[in-house]
A.B. asks: 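Pasting a structure here, questions to come.
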Amino acid sequence: DYLLFLDSDDFFSPELVGHTWARAFETNSDVTLFNALKFDDNTKTASDAAHYFAKSLFESYPVFSRHDLPDELLRTTSPSPWLKIFRRQFILDNSLEFQCLSNSNDVFFTSVALCAAERISWVDEQLVYYRVGMSGNTQSKKKKAPLNFIRAYTAIYRRLNEMGIYSQLEKSYTDFALSGIVFNIRTISDTYAKLLIFRELNNTILPETGIADKPDCFYYIPDNAEIVRGTDSAYKWYEKQERLKREILELKITIGQKEGQIIEAQNETEKERKEKEEKISIIEKLTNEITQLKNQIEFLNSQIKDIQGD
C-alpha cells in the first residue's frame with residue numbers, strides 16, 4: 001500500500017516502518033513525513049538538520065497540503081525521498097517516476113509528489129541516520145554531471161504547470177529552486193563545472209521560469225536571488241579567465257617546442273660544423289621569438305590580475 005525509499009549506506013530506526021505506516025494508514029495520507037539525523041562518517045557523530053523536518057511550518061496542521069501552505073510547502077522537508085513514505089496508488093495515479101540522472105534523480109519525484117498530495121501527515125520522530133562525509137556516494141560525484149539539478153528543477157516547473165497548480169505554488173517553487181541552485185553553486189568547487197552551470201542557468205531555467213526576476217520582497221531569502229542574478233556576469237568572468245589560461249598554456253607549449261629546437265641545434269656534432277653559422281642564426285631567431293612570447297605571457301598574466309582585482 002505504501003512506498004518507502006531507503007539508501008543502502010544509511011542507518012534506520014527499528015520503528016521506522018511501523019510508526020510511519022501507522023500514521024499514514026490512520027490519516028489516509030498520500031505522503032507522510034518524518035525526521036532524521038545527519039551522521040558524519042568521519043567523526044562518527046550525529047546531529048540535527050533543521051531542513052529535514054521544518055516542524056514549525058506545519059505543526060498546527062495534523063494533516064496539510066498545498067492548500068494550507070502554498071508559499072512554504074517545499075520548505076517543510078528536504079527533497080530526499082528517505083524522509084517520507086508515499087501511498088502507492090497516489091504515485092501511480094500521478095505517474096511519478098525517478099528521473100534517469102546520475103545525481104539529483106529523486107528531486108523531481110519527491111517534490112512533485114509533495115505538491116500533488118492532498119493529504120500530508122507527519123511523525124515527529126528521528127527515524128533515519130543519513131550518512132555524510134563519504135567519498136563514494138552519489139552526492140560526492142556531482143561534478144561529473146553538474147547540470148542534473150537544473151534538469152530536475154526545470155522538470156518540476158513544467159510538471160506543476162501541466163497540473164495547473166504552478167500559480168498556487170509559485171513562491172514555494174521559486175524559493176525552493178533558488179535555494180537548490182545556490183547550494184549546488186557553493187558545493188561544486190571545480191571551475192569548469194561552475195562554468196557549465198552558469199551557462200546552463202542563463203540559457204535554460206532562468207529565462208523559462210523567471211524565478212530571478214521577482215522583487216526582493218517576493219523571496220524568502222532575497223540573497224539567493226541576488227546570487228543567481230549574478231551568474232551571467234560570473235560566467236563571463238570565469239570564461240574570460242579560462243580563455244586566457246588556455247592561451248598561456250598554448251604559448252608555453254610553443255616555448256617548450258622552440259626550446260627543444262634550441263637544445264637540438266646546440267647538441268649538433270662536429271660533422272655539421274659547416275652549418276654552424278646558419279644554426280647560430282636559427283638560435284638567435286628562436287631566442288628572439290621566445291622573448292616575444294614571454295612578453296605576451298607577462299601581458300596576459302597582468303590581464304588576469306586586473307580581472308581578479310575587479
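Not measured: the values here are computed from a predicted model.
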A.B. asks: Are any non-hydrogen side-chain atoms of I150 and T154 less than 4.5 angstrom apart?
C.D. replies: yes
A.B. asks: Measure the shortest side-chain to side-chain distance between V17 and F12 over non-hydrogen atoms and say whether it is less than 4.5 angstrom.
C.D. replies: no
A.B. asks: Quick check: does any side chain N or O of R66 sit under 3.5 Å from a backbone N or O of C115, one acting as donor and the other as acceptor?
C.D. replies: yes
A.B. asks: Are L178 and I211 packed together at the side-chain level, in the sense that at least one heavy-atom pair is separated by less than 4.5 angstrom?
C.D. replies: yes
A.B. asks: Is L73 linked to I221 within one hydrophobic cluster, defined over Ile, Leu, Val, Met, Phe, Trp and Tyr using a side-chain heavy-atom separation of less than 4.5 Å?
C.D. replies: no
A.B. asks: Would I91 end up clustered with L33 when hydrophobic side chains under 4.5 Å apart are linked, directly or stepwise?
C.D. replies: yes
A.B. asks: Who pairs with E15 by side-chain hydrogen bond (donor to acceptor under 3.5 Å, both in side chains), at least two apart in sequence or on another chain?
C.D. replies: S13
A.B. asks: Could you check whether F176 and Y157 have their ring centres less than 6.0 Å apart?
C.D. replies: no
A.B. asks: Side-chain contact, heavy-atom cut-off 4.5 Å: L101 with V107?
C.D. replies: no
A.B. asks: Same hydrophobic cluster for L6 and F34, using side-chain heavy-atom links shorter than 4.5 Å among ILVMFWY?
C.D. replies: yes
A.B. asks: Do side-chain atoms of W122 reach the backbone of Y61 as a donor and acceptor pair under 3.5 angstrom?
C.D. replies: yes
A.B. asks: With a sphere of 6.0 Å drawn around CD of E97, does it hold more than 12 non-hydrogen atoms of other residues, nucleotides or ligands?
C.D. replies: no
A.B. asks: Does N105 use its side chain to pair, donor to acceptor, with the backbone of S102 at less than 3.5 Å?
C.D. replies: no
A.B. asks: Other residues, nucleotides and ligands only: do more than 12 of their heavy atoms fall within 6.0 Å of CG on N288?
C.D. replies: yes
A.B. asks: Quick one: does NZ or CZ of K171 land under 6.0 Å from the six-membered ring centre of Y220, within 45 degrees of the ring axis?
C.D. replies: no
A.B. asks: Do V31 and L169 sit in one hydrophobic cluster, given that two such residues count as connected whenever their side-chain heavy atoms are within less than 4.5 Å of each other, even indirectly?
C.D. replies: yes
A.B. asks: So, taking the atom named CH2 in W82 and the one named CG in L4, what distance separates them when rounded to the nearest 0.5 Å?
C.D. replies: 12.0 Å
A.B. asks: So how far is it from Y130 OH to D9 CG, rounded to the nearest 0.5 Å?
C.D. replies: 7.5 Å
A.B. asks: Would you say the ring centers of F109 and F5 fall short of 6.0 Å from each other?
C.D. replies: yes
A.B. asks: Rounded to the nearest 0.5 Å, how far apart are OG of S302 and CG of L244?
C.D. replies: 9.5 Å
A.B. asks: Tell me whether Y219 contacts the main-chain N or O of K214 through its side chain, where contact means a donor paired with an acceptor under 3.5 Å.
C.D. replies: yes
A.B. asks: Of all the heavy-atom pairs spanning I205 and T209, show the shortest one and how long it is.
C.D. replies: O-OG1, 2.7 Å
A.B. asks: Answer yes or no: is there a side-chain heavy-atom contact under 4.5 Å between V228 and V182?
C.D. replies: yes
A.B. asks: Just so I know, are the side chains of V128 and L83 near enough to count as touching, which here means a heavy-atom distance under 4.5 Å?
C.D. replies: no
A.B. asks: Taking S111 for its side chain and F108 for its backbone only, find out whether a donor-acceptor pair lies under 3.5 Å.
C.D. replies: no
A.B. asks: Answer whether the closest heavy-atom distance between the side chains of E289 and L286 falls below 4.5 Å.
C.D. replies: yes
A.B. asks: Locate the shortest heavy-atom distance separating I120 from S29; write the atom from each residue and the value.
C.D. replies: C-OG, 4.3 Å
A.B. asks: What is the distance from atom CG of L251 to atom NZ of K258, rounded to the nearest 0.5 Å?
C.D. replies: 11.0 Å
A.B. asks: Answer yes or no: is there a donor N or O on one side and an acceptor on the other, between the side chain of Y2 and the main chain of A24, under 3.5 Å?
C.D. replies: yes
A.B. asks: Are the charged groups of R131 and D41 less than 4.0 angstrom apart, N to O?
C.D. replies: yes
A.B. asks: Minimum heavy-atom separation for S172 to E72, with atom names?
C.D. replies: OG-C, 3.9 Å
A.B. asks: Output, in order, the C-alpha distance, side-chain angles, deciding distance and verdict of side-chain contact (heavy atoms from CB on, under 4.5 Å) for F64 and T76.
C.D. replies: CA-CA 11 Å; F64 66 93; T76 58; 4.3 Å; yes
A.B. asks: Given 3.5 Å as the limit, does a donor-acceptor pair link the side chain of D30 with the main chain of R119, or not?
C.D. replies: yes
A.B. asks: Would R243 and E247 pass as an ion pair if we require N to O under 4.0 Å?
C.D. replies: yes
A.B. asks: List the atom of L127, the atom of V123, and the distance in Å for their closest heavy-atom pair.
C.D. replies: CD1-CG1, 4.5 Å
A.B. asks: With rounding to the nearest 0.5 Å, note down the distance linking CD1 in I227 to CZ in R186.
C.D. replies: 4.0 Å
A.B. asks: Please walk me through it: do N148 and Q99 pass side chain to side chain donor-acceptor pair (under 3.5 Å)?
C.D. replies: CA-CA 10 Å; N148 284 347; Q99 289 179 291; over 6 Å; no
A.B. asks: Work out which heavy atom in L206 is nearest to a heavy atom in A212; give both atom names and the distance.
C.D. replies: CD2-CB, 4.4 Å
A.B. asks: With no hydrogens and no angle check, is any side-chain donor or acceptor of D40 less than 3.5 Å from a backbone partner on N42?
C.D. replies: yes
A.B. asks: As a quick check of understanding, evaluate side-chain contact (heavy atoms from CB on, under 4.5 Å) for K38 and Y52, giving each step before the final call.
C.D. replies: CA-CA 9 Å; K38 182 167 59 176; Y52 287 172; 3.9 Å; yes
A.B. asks: Quick one, L69 with R75, criterion side-chain contact (heavy atoms from CB on, under 4.5 Å). Give me CA distance, side-chain angles, the key distance, then yes/no.
C.D. replies: CA-CA 10 Å; L69 299 170; R75 288 195 285 116; over 6 Å; no
A.B. asks: Ion pair present between D306 and K240, side-chain N to carboxylate O less than 4.0 angstrom?
C.D. replies: no
A.B. asks: If you count every heavy atom of other residues, nucleotides or ligands that lies below 6.0 Å from F11 atom CZ, does the total exceed 12?
C.D. replies: yes
A.B. asks: Taking C-beta and beyond as the side chain, do I197 and L147 meet within less than 4.5 Å on heavy atoms?
C.D. replies: yes
A.B. asks: Please tell me whether Y129 and F53 are part of a single hydrophobic cluster in this structure, the criterion being side-chain heavy atoms less than 4.5 Å apart.
C.D. replies: no
A.B. asks: For D175, does its backbone N or O pair with a side-chain atom of S179 as donor and acceptor, under 3.5 Å?
C.D. replies: no
A.B. asks: Does F25 have more than 12 heavy atoms from other residues, nucleotides or ligands lying within 6.0 Å of its CZ?
C.D. replies: no
A.B. asks: Taking D10's backbone N and O only, do any of them form a donor-acceptor pair with D7's side chain (distance below 3.5 Å, no angle check)?
C.D. replies: no
A.B. asks: Y153 vs F149 aromatic rings, parallel, tilted or perpendicular, using cut-offs 30° and 60°?
C.D. replies: perpendicular
A.B. asks: Identify the heavy atoms of N94 and R159 that sit nearest to each other, and give their distance.
C.D. replies: O-NH1, 3.3 Å
A.B. asks: Give every residue pair that meets the side-chain hydrogen bond (donor to acceptor under 3.5 Å, both in side chains) criterion with at least one member in residues 190-207, sequence neighbours excluded.
C.D. replies: N202-T231
A.B. asks: Show, in sequence, the C-alpha distance, side-chain angles and deciding distance for K84 and D106, and conclude whether the salt bridge (Lys or Arg N to Asp or Glu O under 4.0 Å) test is met.
C.D. replies: CA-CA 12 Å; K84 310 158 186 69; D106 50 10; over 6 Å; no
A.B. asks: To the nearest 0.5 Å, tell me how far L57 CG sits from T77 OG1.
C.D. replies: 10.5 Å
